[in-house]
Amino acid sequence: MAYYCNEPSHTFSEYLLIPGYTSEECIPANVSLRTPLVKYRKGQEACPITLNIPMVSAIMQSVSNDSMAIALAKEGGLSFIYGSQSIEAEAEMVAKVKGFKAGFVVSASNLTPEHTLQDVLELKEKNGFSTVAITDDGTATGKLLGIVSSRDYRVSRMRPDEKVSTFMTPREKLITASAETTLKEANDIIWEHKLNSLPIVDKDDHMMYFVFRKDYASHKDNPQELLDQKKRYLVGAGINSRDYAQRVPALLAAGADVLCIDSSEGYTCWQEKTIAWVRENYGDTVKIGAGNVVDREGFLFLAKAGADFVKVGIGGGSICITRETKGIGRGQATALIEVAAARDEYFKETGIYVPICSDGGIVHDYHMTLALAMGADFMMLGRYFARFDESPTPKVMINGAYMKEYWGEGSNRARNWQRYDLGGATKLTFEEGVDSYVTYAGPLHDNVEASLYKVKSTMCNCGVIDIPSLQANAKLTLVSATSIVEGGYHDVQLRSSNTKA
């Protein structure tokens, strides 16, 4: 007969942390969130890649592109560029992250002289930027012909169909700088000439970057930023179990620091074969994560196959309907607790520590602390990051509120059949993800800072100031349905000005 688990599976919302003794050293400023990303022999060698914050962004079209990767690396986390695109396109995104120079911004708004004022206004509404580079081909690397800023037009006095060529500031009137210009030199030029933006061009006058006056204060070094030995931002990349022999070499050539097999289910021969191919061709020099799994057997399978980290979670994502369509999955908290125990078992037997990543199920900030306490070394987040300015999707107005588009990799929109590949037809037979909106939340920095301050504060309540201590000393309790109600505001009438945090 079938095997039945003795207990029901639980989610993060069914648990609470119990406070521990808080000493004088337990203040948020003293809390370290450094955590290992890939496996290492604990106690005998340093972890090859360590995150400064326990956050990575999901391998999703609507979440992780080069702009997200740069923004998250600045905070100390890491993005996995989505793999459900051409090999060339993914490699190009990886290369952009590795080639990024702090303070030098690739132009996000670009048009040609033949475009119109209406095009300028629509572009500004779409991405929020008022400075538009005018190039010969309308791309961020085309030959610079001019710039349009809010000073160049007045909507009330101009026709929407008026061409950009008639009101742009032309190239001959622009002050630019060469590709060899340092950030300090660029800022000196900006202040000397009272500019709002300075285009950086190559020897053939093609656009490379903008340096903005408003960004001056943000160009100070961030002590948390995640850098490689050449002072470049670290970046990950997603792969699948179909075209890895072609995709992996291209991503590594572009500079990818770590890879991850993007799949809804990791306990498969295809992931084993993918890892084996990487080991055969690159040995242990290439770091590759695998998943997803929800139990001891799945973790041990991937750890023994050679995975550098293992992702935990099936069906817990906000846009995932795998459990609804296939009846496969497990409550995220229960899955994480069992896999963490298996990780510790594997370490005790082998001396090799294989980090685990909690993927899915994070709805509230306090769920992050619970995930870490239950054994996660870091978390992969999709919906959380999709809400920010730096995610790839446009900001749209829906019913009077700004939203951002967010869709699952198992949706027809993503067409990422490789993620759900079971060795059959090369198409998505049925959907395992939905197409949706999430509430727009602003810049990544502000939100990550606020979320992690809550995590640090809660850790102090538990009497710990680092993640290993939290995992070793946390006390957790299951809560009843009545306790959950009691945990929110109740038996009061809220004033209209109040908002629930």
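This structure is a prediction, so every number in the text was calculated from the model and none was measured.
A side-chain donor-acceptor contact under 3.5 Å links Glu90 to the backbone of Gly238. The backbone N or O of Gly83 lies less than 3.5 Å from a partner atom in the side chain of Arg247, making a donor-acceptor pair. Under a 3.5 Å cut-off, the side chain of Gln332 and the backbone N or O of Val312 do form a donor-acceptor pair. Between the side chain of Asp466 and the backbone N or O of Ser32, no donor-acceptor pair lies under 3.5 Å. Panel note: side chain Asn30, backbone Cys26; no donor-acceptor pair is recorded below 3.5 Å. Judged by distance alone, the side chain of Asn447 and the main-chain N or O of Ala441 form a donor-acceptor pair under 3.5 Å. Without hydrogens or angle criteria, Ser79 side chain to Ile81 main chain gives no donor-acceptor distance under 3.5 Å. Side-chain N or O atoms of Asp377 include one that pairs as donor or acceptor with a backbone N or O of Ile356 at under 3.5 Å. In terms of modelled atom types and a separation under 3.5 Å, the side chain of Glu338 and the main chain of Arg296 share a donor-acceptor contact. Judged by distance alone, with hydrogens and angles left aside, the side-chain atoms of Thr393 form a donor-acceptor pair with the main-chain N or O of Glu405 at under 3.5 Å.
Side-chain contact between Tyr15 and Ile337: present, with at least one pair of heavy atoms (C-beta onward) separated by less than 4.5 Å. Using a 4.5 Å cut-off on side-chain heavy atoms (C-beta onward), Val211 and Phe104 make contact. Residues Cys47 and Val38 meet the side-chain proximity criterion, which asks for heavy atoms closer than 4.5 Å. A heavy-atom distance below 4.5 Å is found between the side chains of Val31 and Cys460. No side-chain heavy atom of Leu78 sits under 4.5 Å from any side-chain heavy atom of Phe378. Considering only heavy atoms from C-beta on, Lys454 stays 4.5 Å or farther from Tyr366 through its side chain. Counting heavy atoms from C-beta on, the side chains of Phe309 and Val258 come closer than 4.5 Å. Annotation: side chain of Leu252 is in contact with side chain of Tyr282 (closest heavy-atom distance under 4.5 Å).
The NE2 atom of His364 lies 5.0 Å from the OG atom of Ser13; values are rounded to the nearest 0.5 Å. The distance from atom NZ of Lys304 to atom CD of Glu272, rounded to the nearest 0.5 Å, is 11.5 Å. Between the CG atom of Leu72 and the CD atom of Glu390 there is a distance of 9.5 Å, given to the nearest 0.5 Å. Here the NE2 atom belonging to His10 is positioned 10.0 Å from the CZ atom belonging to Arg330, to the nearest 0.5 angstrom. A distance of 5.0 Å separates CD1 in Ile261 from CD1 in Ile239, rounded to the nearest 0.5 Å. Rounded to the nearest 0.5 angstrom, Leu234 CG and Leu227 CG are separated by 7.5 Å.
The heavy-atom pair separating Val106 from Ala140 by the smallest distance is CG1-CB, 3.8 Å. Across all non-hydrogen atoms, the minimal contact from Ile467 to Met459 is N-CE, 3.9 Å. The minimum heavy-atom distance between Gly306 and Arg279, with the atom names listed, is O-NH2, 2.8 Å. Nearest heavy-atom pair across Ser264 and Asn292 is O-CB, 4.1 Å. Looking at every heavy atom in both residues, Ala58 comes nearest to Gly382 through CB-CA, 3.8 Å. Across Ile352 and Tyr346, no two heavy atoms sit closer than the pair O-CD2, 3.7 Å.
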Handout entry: Residue pair Ser64, Ser57: steps toward the side-chain hydrogen bond (donor to acceptor under 3.5 Å, both in side chains) verdict
Key = CA-CA 6 Å; Ser64 295; Ser57 66; 2.6 Å; yes
Problem - Step-by-step salt bridge (Lys or Arg N to Asp or Glu O under 4.0 Å) determination, Asp365 to Lys456 - result: CA-CA 11 Å; Asp365 287 346; Lys456 291 178 179 181; over 6 Å; no
Exercise for the section: Would you check, one step at a time, whether the test side-chain contact (heavy atoms from CB on, under 4.5 Å) holds for Leu259 with Lys287? Expected result: CA-CA 6 Å; Leu259 307 173; Lys287 307 305 178 185; over 6 Å; no
Exercise for the section: Test Glu75 against Leu452 for side-chain contact (heavy atoms from CB on, under 4.5 Å), laying out the working first. Expected result: CA-CA 11 Å; Glu75 302 303 317; Leu452 293 184; over 6 Å; no
Exercise for the section: Just do the side-chain contact (heavy atoms from CB on, under 4.5 Å) check on Tyr440 and Asp389 with the steps written out, would you? Expected result: CA-CA 8 Å; Tyr440 168 68; Asp389 288 324; 2.5 Å; yes
Handout entry: Verdict with supporting geometry, Glu345 and Leu300, side-chain contact (heavy atoms from CB on, under 4.5 Å)
Key = CA-CA 9 Å; Glu345 172 191 334; Leu300 293 176; 4.3 Å; yes
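Applying the side-chain contact (heavy atoms from CB on, under 4.5 Å) test between Val438 and each of Tyr406, Phe388, Phe385, Tyr384 identifies Tyr406 as the sole match.
Between Phe347 and Tyr353, the two ring planes are perpendicular [angle over 60°; tilted spans 30° to 60°]. Ring-plane geometry between His367 and Phe12 is classed as tilted, the angle between the planes lying from 30 to 60 degrees on a 0 to 90 degree scale.
Residues passing the salt bridge (charged side-chain N to carboxylate O under 4.0 Å, His left out) test with Lys98 are Asp228, Asp257, sequence neighbours excluded.
Side-chain contact of Thr274 with Ser241: a donor-acceptor pair under 3.5 Å is absent, judged by distance alone.
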